[in-house]
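What follows is a short report on a single structure.
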Amino acid sequence: MITADRMAAVDANAAALGVPRKQLMESSGNAVAREVRAHAEPGASVALVCGRGNNGGDAFVAARFLSEYEVTVHLLGRPESIATNIARENWDALLEAEIDARSVADAADLDLGDPDVIVDAMLGTGVTGALREPERTAARRVTDLGDAGATVVAVDVPSGVDADTGDVAANEAGERVAVHADRVVTFHDAKPGLPELGIPVTVADIGIPEAAELFTGPGDLIGLDRDPQSHKGDHGKVLVVGGGPYTGAPTLAARAALRAGADLVRVACPESVAREVQGFSENLIVHGFPGETLAPPHLDRIADLAAGQDAVVFGPGLGDADATLSFVERFLGAYEGRAVVDADALQVVPEVDTDATLVCTPHQGELRKMGGPSAEDWRERADLVREFAAELGHTLLVKGAYDVIADGDDLRVNRTGNPGMTVGGTGDVLAGAVGALAATQDPLDAAAVGAYANGRAGDAAVEERGYGLVATDLIDRLPQALRNE
């Protein structure tokens, strides 16, 4: 199963791997045509009802493969309003081929005749919510003709149905309008909501490579787009808990969290280093606690502080004193929010029974200390890491030349980054970036995007500076590395 958001990411990743959307649309359209042929004899009449996005573009392509049928293509809207270049090119191809293609400016004028088959290609998996005009009226027409005997084939998902849930949203009048399809042809993988419909579903292989799902890529950044109406705090409040033996590590993590998009970042650290941490950036809110290391007496105050945050980054620069590790264990045992666990704090995780949602970011040496597996080949390591993540019940981001991200079910691999990133502090930057992302994204996505962006930032730094980069070079480049372009 693949959700609508993940499908959009995989499409974009496929394009980045050299499989362009135009090629995927050609394959999708061919799959729709095959589905029509499976349920209608040559000479039958086929009406394709098309939206102005890529879902409609799939049907434009399908029409070209149905020359043995009596085909009419109905575009809901003006041709100049077609939303994507590839869909527009395929509309133009219909006209050049003199296929009967009609634009419908007003849904009240939609006349589908009495077709044997109707292809519903109005809206795809990326559209949610109640149908609006002209799709609402068109959906009623299609459903009425289906009830009268026409076979209705939906492209990817019946228009009006949420592909992730199978639900149909109510409109302002309380009506739930959607196309009642007889069957669905969907692409690459099944969508979670389709089994709820109780109709046959064909999953068509359209040539998306396995690598587009496995490897992180630019498509993984799609979910980072912001609502123009958002307010302070909507994009995450992060607490970094660390420091004592070290001052740089918690500071790097906190600054990275800011650069990765968190609205507010606090640092909880011993008073002995609080002034130095604050001195690195006036943008941080620093809370100092008595002593030179964090320990159990600080637990209640830090737990209260963490309760008001969206995510906690736990571990940078903490050290491994017995009292500190006891503090980590007790904190995680009581915490119920999201936390990124890094550095010395990692060794405590396997022993803790917690309701927290954890993203653990070990390198291979730290993973072994956690009781985890090791393998030289990244493919073998990936399978082992997924098994260990399932055993732990947490998400793992195992750093290496190929970063492996797993939550026990899903698996991603990141290939960005370079040997210059062996310099100290780059792991702290990664932990902070993942913390910011975990404040707004699912844990696996936060870990995958954080690894991808951290590596991109490192690649940009090496391109400019060579292998003499330092961790702050990555921080400076994180905003650009997280841009979806």
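Counting heavy atoms from C-beta on, the side chains of N54 and I86 come closer than 4.5 Å. Residues R381 and P373 are not in side-chain contact: their nearest non-hydrogen atoms beyond the backbone lie 4.5 Å or more apart. Residues E135 and V177 fail the side-chain proximity criterion, which asks for heavy atoms closer than 4.5 Å. Under the 4.5 Å side-chain criterion, counting only non-hydrogen atoms from C-beta, I405 is in contact with N414. Taking the side chain as every heavy atom from C-beta outward, I2 and H188 approach each other to under 4.5 Å. Taking the side chain as every heavy atom from C-beta outward, N90 and R88 never approach each other to under 4.5 Å. Taking the side chain as every heavy atom from C-beta outward, T426 and L430 never approach each other to under 4.5 Å. For the pair L252 and I475, the minimum side-chain heavy-atom distance is below 4.5 Å.
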**Message:** Using the rule given for salt bridge (Lys or Arg N to Asp or Glu O under 4.0 Å), can you reason through K191 versus D156, listing the C-alpha separation, both sets of side-chain angles and the distance that settles it, and then say yes or no?
**Reply:** CA-CA 8 Å; K191 309 308 184 291; D156 227 4; 3.5 Å; yes

**Request:** Decide yes or no on side-chain hydrogen bond (donor to acceptor under 3.5 Å, both in side chains) for T3 and D5, but give the supporting numbers first.
**Result:** CA-CA 6 Å; T3 65; D5 287 346; 5.7 Å; no

**Asked** Going through the distances and angles, do R386 and E391 end up as a salt bridge (Lys or Arg N to Asp or Glu O under 4.0 Å)?
**Response** CA-CA 9 Å; R386 176 155 50 185; E391 181 183 326; over 6 Å; no

**R140/E175 under salt bridge (Lys or Arg N to Asp or Glu O under 4.0 Å): CA gap, chis, key distance, verdict** = CA-CA 12 Å; R140 289 191 176 110; E175 302 171 301; 3.1 Å; yes

**Message:** As a quick check of understanding, evaluate salt bridge (Lys or Arg N to Asp or Glu O under 4.0 Å) for R136 and E133, giving each step before the final call.
**Reply:** CA-CA 5 Å; R136 183 162 58 199; E133 295 296 356; 3.6 Å; yes

**Request:** For side-chain hydrogen bond (donor to acceptor under 3.5 Å, both in side chains), just list the numbers for D162 and T128, CA-CA rounded to whole Å, side-chain angles, deciding distance to a tenth of an Å, and then say yes or no.
**Result:** CA-CA 6 Å; D162 188 309; T128 58; 5.2 Å; no

**Request:** Assess whether side-chain hydrogen bond (donor to acceptor under 3.5 Å, both in side chains) is satisfied between N171 and R132, documenting all intermediate values.
**Result:** CA-CA 8 Å; N171 61 27; R132 302 169 67 180; over 6 Å; no

**Message:** Does D182 form a side-chain hydrogen bond (donor to acceptor under 3.5 Å, both in side chains) with T151? I'd like the steps, not just the answer.
**Reply:** CA-CA 6 Å; D182 296 299; T151 299; 4.8 Å; no

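Side-chain atoms of D310 come within 3.5 Å of backbone atoms of K237 as a donor-acceptor pair (strictly under, hydrogens ignored). Side chain of K399 to backbone of L397: no donor-acceptor contact under 3.5 angstrom is found. Checked by atom type and distance alone, the side chain of Y452 never pairs as donor or acceptor with a backbone atom of L482 at under 3.5 Å. Counting only distance, with no hydrogens or angles, the side chain of D407 and the backbone of T395 share no donor-acceptor pair below 3.5 Å.
Ion pairing between R379 and E210 fails under the 4.0 Å rule for side-chain N and carboxylate O.
Scanning all heavy atoms of the two residues, the minimum distance from A12 to I222 falls at CB-CD1, 4.1 Å.
Around atom CG of D353, no more than 12 heavy atoms belonging to other residues, nucleotides or ligands sit under 6.0 Å away. By the 6.0 Å contact criterion, CD on E376 is open, its count of non-hydrogen atoms from other residues, nucleotides or ligands being 12 or less. A 6.0 Å sphere centred on CD of E464 holds more than 12 heavy atoms belonging to other residues, nucleotides or ligands.
Aromatic ring pairs are classed by plane angle as parallel below 30°, tilted from 30° to 60° and perpendicular above 60°; the pair W378 and F215 is tilted.
Test D403, T216, D445 against R412 for side-chain hydrogen bond (donor to acceptor under 3.5 Å, both in side chains) and you get one pass: D445.
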